[in-house]
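Notes follow the structure.
First the proteins, then the strands, lettered A, B, ... as listed; each starts at 1. It should be emphasised that the depicted structure is a prediction, and the values quoted were computed from it without experimental measurement.
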2 protein chains.
Amino acid sequence: MSTREEIIHLGDQLIRDKGFNAFSFYDISKKLKIKNASVHYHFPTKSDLGLSILDDHTKKLHELIEGTATKSPMVKLNAFLSIYTKIKSEGRVCLVGSLATDLNTVDPKMAKALKVFANEILEWVTSILQEGRTKKVFAFQESARTKALMIISNMLAALQLSRLTDEKDFYVIQQTVIKDLKS
Amino acid sequence: MSTREEIIHLGDQLIRDKGFNAFSFYDISKKLKIKNASVHYHFPTKSDLGLSILDDHTKKLHELIEGTATKSPMVKLNAFLSIYTKIKSEGRVCLVGSLATDLNTVDPKMAKALKVFANEILEWVTSILQEGRTKKVFAFQESARTKALMIISNMLAALQLSRLTDEKDFYVIQQTVIKDLKS
DNA sequence: ATATACCTACCAATTAGTAGGTAAGCAAAC
DNA sequence: GTTTGCTTACCTACTAATTGGTAGGTATAT
């Protein structure tokens, strides 16, 4: 992994660990054993880094969407839910949840990229649910978009809430989401 | 309102607006037209302020629980949901959601108080659902605690997610929660 | 010869927090 | 009834650390 990629990777972890306003370029430089100025060489401003992290997530989302395009709705849904399982196993929260609370403190370009990212997730999950209902794998009353909103908000908050109530509550919520869709 | 109360009120708004790590004692002193040192007179450290804000929320939660104790489950549920409606009207997120993402950056006493607060909400909503099911006002398959987790996570994330997708999505999620419980 | 990827050495602003002073109010002791 | 002591709620003035960011230099590879 190049230094640039390592900075993105580390920045991403820090954002989802502590929030955008609780990490500094020094945190990154310390960990990578390079100087603060070297981090600025790769990313002139903190916003540039934030944008690159968002770009990276967007790219990986596209890869996942394309990689599962021919699979069944259930496999696609599991691919979506696995994103959160992995985040939970690292003790972190998701990028959307972390940055949504920081929204009023980030620059407009970052806010825009975040909104695009969140909407792409919503569209993807909506299409999975739509397809699943057509194929009679999933059952739900609401519009596919509304159901997608419910599921995404359950998973997003499951990461945050289970930090406070019980770590197991993440899996309780996740399993309930799956069970509910199948009935 | 005393200065002390004004500081708590303002600190609370700032946390739910921008996050715990994105506001300073100077922000508060500026707004209240007193000096930074005067804020420190009331709250020696930022953690002291954070704790007082959590105490304030806990106290208000207790008042709401007691104030609705003799009411019907539907009235209680509406009281719970109204908390979020009010927060949404202010364009903010909830305290639990905001601080959950900052959890790894706050001191242990604050983290403890936050966990206590989150669990008290969970217990309250659980008891509302339990009572509602017994009285056949609500219908759901899961355990009352699990259903409470689902509803709380929907509402918590509705505030965050609707900042990114569409402001109206908050109400879409909220209405879906209500409709789902009644069916 | 130029771009890459680092470095040293800064800087200005912001941050949380402290030291020590003041002015007003209030209550008991002389 | 006024002096004394204590508390409250501010103030001025400061500090040490951290922060995001810059200027300009160096070594290496192409």
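Counting any heavy atom pair closer than 4.0 Å across all strands shown, Tyr41(A) reaches a base atom. Residue-level contact check: Phe23(B) touches the backbone only, with heavy atoms under 4.0 Å from sugar-phosphate atoms and none from bases.
Here the C1' atom of nucleotide dT8(C) and the NZ atom of Lys33(A) are 20 Å apart, to the nearest Å. If you take CZ of Arg4(A) and P of dA5(C), they are 10 Å apart, rounded to a whole angstrom. The CG atom of Asn21(B) sits 15 Å away from the P atom of dT18(D) (whole-angstrom rounding). Phe43(B) has its CZ atom 11 Å from the P atom of dA9(D), to the nearest Å. One can place NE2 of His40(A) at 14 Å from C1' of dC6(C), the figure rounded to the nearest angstrom. Going from atom NZ of Lys35(A) over to atom P of dT8(C) covers 5 Å, rounded to whole Å. Distance, Lys30(B) NZ to dT15(C) C1': 13 Å, rounded to whole Å. Summarising the geometry, the separation between CD1 on Ile34(B) and C1' on dA23(C) is reported as 17 Å, rounded to the nearest angstrom.
Within the 4.0 Å cut-off from OP1 or OP2 of dT8(D), not a single side-chain nitrogen or oxygen of His42(B) is found. In terms of phosphate contacts, Thr45(B) brings no side-chain nitrogen or oxygen within less than 4.0 Å of OP1 or OP2 of dA16(C). Side-chain nitrogen and oxygen atoms of Ser38(A) include at least one within less than 4.0 Å of the OP1 or OP2 phosphate oxygen of dC7(C). Between Ser24(B) and dT15(C), a side-chain N or O to OP1/OP2 separation shorter than 4.0 Å is present.
Counted by atom type alone, Thr58(B) and Asp55(B) present zero donor-acceptor pairs between their side chains at under 3.5 Å. Side-chain atoms of Glu131(B) and Thr134(B) form no donor-acceptor pair, as typed in the model, at a separation below 3.5 Å. Under the 3.5 Å distance criterion, with hydrogens and angles disregarded, no donor-acceptor pair is assigned to the side chains of Asp180(B) and Thr176(B).
Criterion: ILVMFWY side-chain heavy atoms under 4.5 Å apart, direct or through other members. Under it, Leu149(B) and Val116(B) are not part of a common hydrophobic cluster.
Between the base of dG20(D) and the side chain of Asn36(A) there is no donor-acceptor pair shorter than 3.5 Å.
In the set dC10(D), dT12(D), dG20(D), the nucleotide with an atom closest to the side chain of Ala37(B) is dT12(D). You'll find that the side chain of Lys46(A) is closest to dG21(D), out of dC10(D), dT8(C), dG21(D).
A cation-pi contact links Lys46(B) to Phe20(B), judged by a cut-off of 6.0 Å to the six-membered ring centre and 45° from its axis.
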